[in-house]
Amino acid sequence: MKYNQVEIERKWQKRWEEEGTYHIDVRDATDKLYCLVMFIYPSAAKLHIGHWFNYGPTDTWARFKKLQGHRVFEPMGYDAFGLPAENAAVKTGVHPHHSTQENVNDIREQLKRIGAMYDWRYEIDTSVPEYYKWTQWLFLTLYNSGNAYRGKAPVNWCPDCKTVLANEQVVEGLCERCSSQVIKKDLVQWFFKITDYADELLEKLDDLDWPEKTKLMQRNWIGKSVGVEIKFTVDGTGDELNVFTTRPDTLFGVTYMVLAPEHPLVEKITTPEHKDQVKNYIEEAGKKTEIDRQSLEREKTGVPTGAYAVNPLNNEKIPVWTADYVLYSYGTGAVMAVPGHDERDFEFAKTFDLPIRNVILEPGKNENDPLEEAYIGEGTMIRSGKYTGVDSKTGIEQISDEIEERGLGKRKVNYRLRDWLVSRQRYWGAPIPIVHCPDCGEVPVPEDQLPVELPMDVDFRPGGESPLARSDEFVNTGCPKCGTAAKRDVDTMDTFVCSSWYYLRFPNAHLDTAPFDKEITNKWLPVDKYVGGSEHAVMHLLYARFITKALRDAGYLSFDEPFISLVHQGTITNQGAKMSKSKGNVVNPNSFVESYGSDIFRMYLMFMGPYEEGGDWSDSGIVGIDRFSRRIYHLVRDNNVHFTDTGSNGQIVFTELEGDARNLYRKCHQTIKKVTDDTGKFHFNTAVAALMELLNDLSRYAQNLQQKSDIEKAVFGHTMYHFIVLLAPFAPHLADELWEMCGKTESIFSKANWPVYDSTAVAAEEVTVVAQINGKIRAKFVVPAGTTEDALKEMALSDNNIKKHMNDKQLVKAIVVKDKLVNFVVR
RNA sequence: GCCCAGAUGGCGGAACUGGUAGACGCGCUAGCUUCAGGAGCUAGUGUCCGCAAGGAUGUGGGGGUUCGAAUCCCCCUCUGGGCACCA
């Protein structure tokens, strides 16, 4: 028999499919383990290395768990709505539905060649009515529980194309297509109230087995800050100006105030002589898109309104400015400026020559030292009336108390997190199931009328606010409540909505009476292991957490968090750089899969480096894994008569073994331990290395196998048996082929075959101990493990090289560490 | 600018809780072998000196703690990733 990996894979993929080896019946959730990879966006580029690196190793982990006896559910599907398909359609004229389905069909075939344990009977596609019907149900559920509302929000608007642009379609403030200046335009859009869950989203992070990095990103994104909202009054008009600050201790250092240009009070309080200037400034600021603002130099801009506000604490009159460095969307949209102790205020004050007052004395500095830059740390309060001399930390509390007591404001918690804007002025998405009735207002489409189908014959080229608005047939409908003529909402949902609940759908992929069966879902979820790229660290993962909580509160789910344990795969680079079309360094997996097969390709990806760090691709490295597989195949083929199906230990007793047999047995069980530990932790690279070591020992042992005794042959067979099982998650096709070669008739994955190591055999029996003089190694000797410290010391002292180095020196100290070293400190 | 992670042979990378640096693989060198072929086997391979024994040196750079540092502390350089005026 000649080794042909590609043929082996074809054979086993066919067998597995015919026998339903990986079929899962979700009604039985005993020992359940839900292992999920982030589903795939079906782009025209198909499967790239990053996908393989996500799916291959995760499947290895899933197989490992299956071999340990878990009922593993590992589904796959398509995140099929989205902008790229729509853009391609605009360019090529091919309908997004057709291009998407075509891509899905190709990708499915490519995915099958990975040979993962996907149970294809649970495949989902977010762009088909059978799925998006329930995305719409989700919208309505949020709507009915008060978690969806309409509000104004700006969009990027291209006045020439007369269309809404995504951030990525705006390049340096200009429209990607026609290069005209993009402006902001306010539209009424739908939001989900994720901010209501800010606290829980923040607190529950502590309980999750997620990378710390990711949790930190979510914490920063939520951006909780504790402070005080303080009421300032406008001098003369008496208008109230609320500001939020985390530093009430700096109140005596306030020298001016700033309102965001969008703040409604700006117009009202501006004095006549400043009207023109302010009006112009607001207009300019309005022209700027968010992207525009980002690409601007950091030079601060702003204009005075002519109005003055009164500091409630010291009754000082301070000028009120408007400047775009203050954001309307955060806090109250207004700030009290403390240039002495805030970097941005400092910069602004310098630019416009506003007074800078030092009110927090930096430890070690003098009260009259000039401030070179804003001092944002803690210190002693100065120039602060009755608070002078108070420690700033204490001052925060005392001033907050005074503000609350005198009714000047109250303590408040602020979040950076904003509500989730889910409206998209796009065609290729799930329509928002709302009807706007002239009499009843906004009316949700009743559940029994779902799905609101996305019409196929729509002109989706740019022009106009939403493509669906151009379909009279779609727009015009009757009000579900009163029956009079009404209009459908013409926006579609953000695709993050589709992916915020798909993990709930998988176990119920084809259920047509509900989005999911409550009982099954509450048994199979949460997802036990979720694996995907860290680019989703915030948005997708935060939205999914929010949706889970919202559905829990609506009475559908009995758990709090969707993903108990999360792993991010690293990035595979090529020549040190991220693979990208523009760099021309993209490695196409297909050619490698075709010549080496899936097992070898995925094993090489795992061997390249730590999974969570990724690695640099090299064409030549894969031959090492190819050789490894070949050597395995030949070894088993030539020695299969010695295979002994000894489940665990069988008749072999470690303590009765000697010499090579004893060593091989020990190595076998050390490898079982290492591969079990490492695979469980996604440390695939070291697990594969351990398998290679074991194979090296096995090959050496096999060289004179014929001359060996029966028990020695049995140890070989025992080790070969375990080797095949340990190999199985890494090279499933090859392992099943070897398994069959050794006389097995059922797939290796049909039973819980994973071994438990023999704990009596894993400890090293001989260790190398080093002898050092002043920390430098001067001798080494191999001794039985556990040799006493005195014996080690004696041994070291009698070593010639050690004697030589001790020679005329004075022994000061001897440090002996059992099984490790002897170190003589001499002088 | 801020935050996070990292830097180990020619290359990818190992290294427990501070205790033999370089496992495993690629590449390279030599030998053997086969019906040259993307083959197989054996041995060697951090660098420098040496026939060898052995010695010196070595984990981005500089300092420190320690009997002993890739690992801990301080400073610096570089690389990758994330966030963008959050009051």
Side-chain angles (χ1 to χ4, degrees), chain A residues 211-214 216-217 220-221 223-225 227 243-247 250 257-258 260 290 293-294 296 298 300 323-327 329-338 341-345 347-348 414-418 534-535 537-538 568 570-571 573 576-578 595-596 604 607-610 612-628 630-631 634 683 685-693 695-696 699-700 703 767-780 800-801 804-805 812-826:
Chain A
E212 278 308 317
K213 200 180 76 180
T214 306
L216 185 69
M217 280 164 78
N220 292 341
W221 189 267
K224 180 175 180 169
S225 51
V243 299
F244 173 75
T245 180
T246 55
R247 293 295 300 272
T250 63
M257 284 187 80
V258 185
E290 273 184 36
R293 272 196 193 180
Q294 283 172 20
L296 274 179
R298 285 299 178 76
K300 295 267 181 288
D324 64 7
Y325 83 92
V326 172
L327 306 178
S329 54
Y330 182 77
T332 62
V335 301
M336 55 176 227
V338 187
H341 308 286
D342 181 284
E343 288 168 48
R344 293 148 304 174
D345 297 342
E347 215 184 298
F348 190 84
N414 232 314
Y415 299 92
R416 198 194 89 107
L417 182 71
R418 302 180 203 168
S534 57
E535 66 271 23
V538 179
H568 294 308
T571 315
T573 54
K578 229 179 185 173
S595 44
Y596 293 103
Y604 178 57
F607 184 60
M608 267 179 14
E612 277 153 288
E613 284 165 40
D616 199 53
W617 174 262
S618 127
D619 283 0
S620 52
I622 195 170
V623 304
I625 301 291
D626 188 41
R627 273 177 213 156
F628 175 55
R630 205 176 292 278
R631 289 176 58 212
H634 292 151
H683 293 181
N685 55 334
T686 47
V688 173
L691 287 172
M692 286 174 169
E693 283 189 47
L695 179 71
N696 290 344
S699 306
R700 211 168 299 128
Q703 275 169 10
V767 290
T768 306
V769 169
V770 296
Q772 302 175 322
I773 305 279
N774 288 345
K776 284 201 196 303
I777 294 165
R778 298 302 175 187
K780 295 183 183 185
N800 282 335
N801 205 34
K804 203 175 93 191
H805 282 275
V812 180
K813 197 174 170 188
I815 289 140
V816 186
V817 181
K818 218 186 221 178
D819 294 344
K820 296 273 178 185
L821 56 74
V822 182
N823 186 15
F824 296 116
V825 184
V826 301

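- In this structure, T768(A) reaches the bases: a heavy-atom distance under 4.0 Å links it to at least one base atom across the strands shown.
- Of the P atoms belonging to rU47(B) and rC28(B), the separation is 16 Å, rounded to the nearest Å.
- The pairing partner recorded for rG44(B) is rC28(B), the criterion being a Watson-Crick or G-U wobble arrangement whose two distances lie under 3.5 angstrom.
- When the C1' atom of rC26(B) is taken as reference, atom CG of D626(A) falls 13 Å away, rounded to whole Å.
- Here Q703(A) reaches the OP1 or OP2 of rU42(B): one of its side-chain N or O atoms lies under 4.0 Å away.
- Considering NZ of K213(A) and NE2 of H568(A), their distance stands at 6.5 Å, rounded to 0.5 Å.
- Across rG6(B) and rC76(B), the matching C1' atoms stand 16 Å from one another, rounded to whole Å.
- Protein atom CD of E535(A) is 22 Å distant from nucleotide atom P of rC4(B), rounded to whole Å.
- Side chain of N801(A), nearest nucleotide from rG54(B), rA15(B), rA84(B): rG54(B).
- Across every strand in view, rU66(B) sits unpaired, with no contact that passes the Watson-Crick or G-U test at under 3.5 angstrom.
- The gap from the P atom of rA39(B) to that of rC73(B) amounts to 47 Å, rounded to the nearest Å.
- Residue-level contact check: N696(A) touches the backbone only, with heavy atoms under 4.0 Å from sugar-phosphate atoms and none from bases.
- Contact annotation for Y596(A): base contact, defined as any heavy-atom pair under 4.0 Å involving a base atom.
- We find that CD1 of I773(A) is positioned 15 Å from P of rG54(B), with the value rounded to whole Å.
- When the C1' atom is compared between rA70(B) and rA21(B), the two are found 8 Å apart, to the nearest whole Å.
- With a cut-off of 3.5 Å on both Watson-Crick or G-U wobble distances, the partner of rU71(B) is given as none.
- For the side-chain contact (heavy atoms from CB on, under 4.5 Å) with K780(A), the qualifying choice from L821(A), V770(A), N801(A), V769(A) is V770(A), the only one to do so.
- Going from atom CG of N220(A) over to atom P of rC83(B) covers 11 Å, rounded to whole Å.
- Residue K820(A) places its side chain closer to rG19(B) than to any other of rU20(B), rC24(B), rG19(B).
- In this structure, of rG55(B), rC85(B), rC24(B), it is rG55(B) that holds the atom nearest to the side chain of R778(A).
- Note that the CG atom of L691(A) and the OG1 atom of T686(A) stand 10.0 Å from one another [nearest 0.5 Å].
- As rounded to the nearest Å, rG19(B) and rG68(B) have C1' atoms that lie 7 Å from one another.
- In this structure, R416(A) does not reach the rC83(B) phosphate: none of its side-chain N or O atoms is under 4.0 Å from OP1 or OP2.
- When each of T245(A) and M217(A) is assigned the nucleotide of RNA chain B with its nearest heavy atom, M217(A) is the one assigned upstream, toward the 5' end.
- To the nearest whole angstrom, the two P atoms, one in rG64(B) and one in rG58(B), are 15 Å apart.
- OP1 or OP2 of rG55(B) has at least one side-chain nitrogen or oxygen of H805(A) nearer than 4.0 Å.
- If you check rA87(B), rC24(B), rG27(B) against the side chain of V623(A), the one that comes closest is rG27(B).
- If you measure from atom OH of Y415(A) to atom P of rA87(B), you get 14 Å, rounded to the nearest angstrom.
- When each of rA56(B), rG40(B), rC4(B) is scored by its nearest atom to the side-chain atoms of R630(A), the top-ranked nucleotide is rG40(B).
- The C1' atoms of rA53(B) and rU17(B) are separated by 37 Å, rounded to the nearest whole Å.
- Considering only side-chain atoms of R344(A), the nucleotide from rA87(B), rG13(B), rG38(B) that sits closest is rA87(B).
- Across every strand in view, rC85(B) sits unpaired, with no contact that passes the Watson-Crick or G-U test at under 3.5 angstrom.
- Distance from the side chain of I777(A) is smallest to rA21(B) among rA87(B), rA84(B), rA21(B).
- For F628(A) and rG12(B), the CZ to C1' distance is 17 Å, given to the nearest whole Å.
- Nearest nucleotide to the T686(A) side chain, out of rC86(B), rA15(B), rG12(B): rA15(B).
- Atom CD of E535(A) sits in a crowded spot, with more than 12 heavy atoms from other residues, nucleotides or ligands closer than 6.0 Å.
- Of all nucleotides listed (rC24(B), rC67(B), rU57(B)), rC67(B) comes nearest to the side chain of N823(A).
- Pair check for rU34(B) finds none; no Watson-Crick or G-U wobble contact set falls under 3.5 Å.
- OP1 or OP2 of rA14(B) lies within a sub-4.0 Å distance of a side-chain N or O belonging to N685(A).
- Taking each heavy atom of T250(A) and H341(A) in turn, the nearest pair found is CG2-CB, 4.2 Å.
- With both ends at atom C1', the span from rC26(B) to rG44(B) equals 16 Å, rounded to whole Å.
- Nearest heavy-atom pair across R344(A) and K300(A) is O-CE, 3.7 Å.
- Checking rG12(B), rG40(B), rC4(B) against the side-chain heavy atoms of F607(A) singles out rG12(B) as nearest.
- In this structure, Q772(A) places its CD atom 12 Å from C1' of rA69(B), rounding to the nearest Å.
- Put simply, the residue from F628(A), Y604(A), Y596(A) that forms a side-chain contact (heavy atoms from CB on, under 4.5 Å) with V623(A) is Y596(A).
- Pairing partner, rA5(B): rU79(B), with both Watson-Crick or wobble hydrogen-bond distances short of 3.5 Å.
- Contact annotation for I815(A): base contact, defined as any heavy-atom pair under 4.0 Å involving a base atom.
- Look at R627(A) and you'll find a side-chain N or O under 4.0 angstrom from OP1 or OP2 of rC26(B).
- Aromatic ring pairs are classed by plane angle as parallel below 30°, tilted from 30° to 60° and perpendicular above 60°; the pair F348(A) and Y325(A) is tilted.
- When rounded to the nearest whole Å, the span between CG of D324(A) and P of rC86(B) equals 13 Å.
- Under 4.0 angstrom from either OP1 or OP2 of rA87(B) there lies at least one side-chain N or O belonging to S225(A).
- Counting only N and O atoms by type, the side chains of N696(A) and R631(A) include a donor and acceptor under 3.5 Å apart.
- Each of W221(A) and G333(A) was matched to the nucleotide of RNA chain B holding its nearest heavy atom; the match closer to the 5' end belongs to W221(A).
- In this structure, rG9(B) is classed as syn because its glycosidic torsion stays within 90° of zero.
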